[in-house]
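Right, one structure below, let's go through it.
The figures that follow rest on heavy atoms only: side chains count, while hydrogens, waters and symmetry mates do not. Residue numbers run from 1 in the order of the sequence given. Both counts, for ligands and for their atoms, begin at 1 and track the order of listing. Worth saying up front: this structure is predicted, and the values here are computed from it rather than measured.
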Amino acid sequence: MTPELAGYRRETSMDVLLADAPQHVPVELIRDLDIYAIQAIDPDIHTAWRKLQSESPALIYSRCNGGHWIPMRAHVIERVLSDSETFINGGAWVPPNPPDALPLIPIQSDGALHRAYRSLIMPYLVGKPLLRAVDSARTLAIALIDQIADQGACDFAVDFAQHLPIQVFLSLVDLPSTDRLYLAELAEVVRMPDEKVRMEAFGKMYAYVAGYVDERIANPGSDMISAIANGTIQGRPLTRDEIIGECTQVLVGGLDTVASMMGFIAAHLATNAPLRQRLCAEPHLIEKRVDEIIRRFGVAGPARQAVADVKIDGILIKSGDPIFVATALHGLDDSRWSDPMTIDLDRTASGPDYQTFGSGPHRCPGAALARSEIILFLEEWLKRIPDFSLVPAKPMVTASGSVNGVLSLPLEWQV
Ligand code: HEM
């Protein structure tokens, strides 16, 4: 029996057929949780994840989307992410990408090759390039907020949050700001369960990136695309497919993740006056305690594949089994954090222990950048619009999938 809960499928639909569970999966661990159909609860998708977590065992198996495991508790998430020998990224995606799909790099690679790919992008996500990208995002944030502050209302997701990370990407790779709206449309790719639609969307992204790759091979600059396009790994130049796969990953990785996290934070602050007022009164807490805020709003859901038979909590995961890691569940686990749903600005233990940015060799290389974007958003927004609320007639629209997303967030305030 599947529980009557948002996110659980009660019947087989035509588009996402339920796979048979493999024989080694104990029947009591089967929950047909469709990661693309988690319904937010009032208005928070994290409340829905927390409810699913509290009613599930530590590890469950869903037959949706081709069939896969989902670690529901922090200790299982930590085990899977930290053991990159047993749980590889490979071509992992839920549902699986077709074998001939262009791999996203570095996320769908492992071992020494993965490290080599990563070394090409890391210099652009720290130090001066990071500061430049954050400066450019802050300038845009101030301009956007100044534009909307007098209006007394906005769709936070569309009018504000989606713009910032795209501007950051465009600054890192030295591309024109005019591409922003086109990229915002493509960002939805991370939540497309239908393989055909998803592959078409990725095709558009690859085509977008490919045009610039060719240009930067001919005329290299000092930006990230030029470095990837003209770089070498393990003593050889990258193939054109590898270059496009890596540039696309940097683009996909930073778009919807940052925008959605800002959306979840804004919605939470809109309904939580004491927290909002404290951040306004003590703005130094924004930078000091941003990790506690980030812990509460995990958004990314990376995939893994077991390459050996392994037991977790006595449960057999077999070689070949896919695993979907909802990082949000780590920050919501009450056996890991006391009172996890509360953002406690006096909590001292959030630090680097949280897994919103993952852990192990694939830990988000954009974490410092994303963290800075969240800080600058809070600093600049609360300075200019300290009091705001949800719009009861226009509820927030969220979505789930490889990223928990905020598609629309109407907000209003007094002018
Ligand atoms: C709030 C924002 C963000 C969140 C929550 C987030 C989360 C994550 C997580 C959990 C992973 C690990 C995936 C895995 O274990 O397979 C990851 C990987 C990655 N992220 Fe982020 N990310 C964010 C922002 C960014 C930004 C701003 C960038 C780039 C500008 C970025 C680029 C990447 C890349 C390239 C990877 C792949 C790393 C690898 O496979 O080694 N992310 N991210």
*Which atoms of ligand 1 sit under 4.0 Å from any heavy atom of Asn89?*
16 (O)
*Which of parallel (below 30°), tilted (30 to 60°) and perpendicular (above 60°) describes Phe160 and Phe377?*
tilted
_Heavy atoms only, cut-off 4.0 Å: how does Pro302 contact ligand 1, side chain, backbone, both, or neither?_
side chain
*Answer yes when Asp174 and Arg132 have at least one side-chain N-carboxylate O distance shorter than 4.0 Å, and no when they do not.*
no
*asked:* Looking only at protein heavy atoms, which one is nearest to atom 12 (C) of ligand 1, and what is the separation?
replied: His362 O, 3.4 Å
*Parallel under 30°, tilted from 30 to 60°, perpendicular over 60°: which one fits the rings of Tyr208 and Tyr212?*
perpendicular
_Non-neighbouring partners of His46 that pass ring-ring contact (aromatic ring centres under 6.0 Å, His included), sequence neighbours left out_ = Phe264, Phe297
*If you measure from atom 14 (C) of ligand 1 to every heavy atom of Gln249, Gln355, Arg304, Arg363, which option wins on shortest distance?*
Arg304
_Looking only at protein heavy atoms, which one is nearest to atom 29 (C) of ligand 1, and what is the separation?_
Val250 O, 4.0 Å
*Start with the C-alpha gap between Arg295 and Asp344, add the side-chain angles, then the distance that decides, and say whether salt bridge (charged side-chain N to carboxylate O under 4.0 Å, His left out) holds.*
CA-CA 11 Å; Arg295 167 200 66 79; Asp344 175 1; over 6 Å; no
*Considering distance alone, does some N or O of Arg118 sit under 3.5 Å from an N or O of ligand 1?*
yes
*Would you say ligand 1 has an N or O under 3.5 Å from any N or O of Ser359?*
no
_Enumerated ligand 1 atoms positioned under 4.0 Å from heavy atoms of Met261_ = 1 (C), 5 (C)
*Flag, side chain of Arg347 to backbone of Thr342, donor-acceptor distance under 3.5 Å*: yes
*Please determine if Arg289 and Glu282 form a salt bridge, counting it only when a charged side-chain N lies under 4.0 Å from a carboxylate O.*
no
*Identify whether the distance between the nearest side-chain nitrogen and carboxylate oxygen of Arg304 and Asp321 falls below 4.0 Å.*
no
_Between Glu55 and Arg31, does any side-chain N to carboxylate O distance fall below 4.0 Å?_
no
*Can you name the residues that form a side chain to side chain donor-acceptor pair (under 3.5 Å) with Ser372, not counting sequence neighbours?*
none
_Which of the ligand 1 atoms, numbered from 1, are nearer than 4.0 Å to a heavy atom of Val299_ = 5 (C)
*Quick one: ring-ring contact (aromatic ring centres under 6.0 Å, His included) partners of Trp69, sequence neighbours excluded?*
Tyr61
_Below the 2.8 Å mark, what number of protein N, O or S atoms do you get around atom 21 (Fe) of ligand 1?_
1
*Min heavy-atom dist His114 to ligand 1 below 4.0 Å*: yes
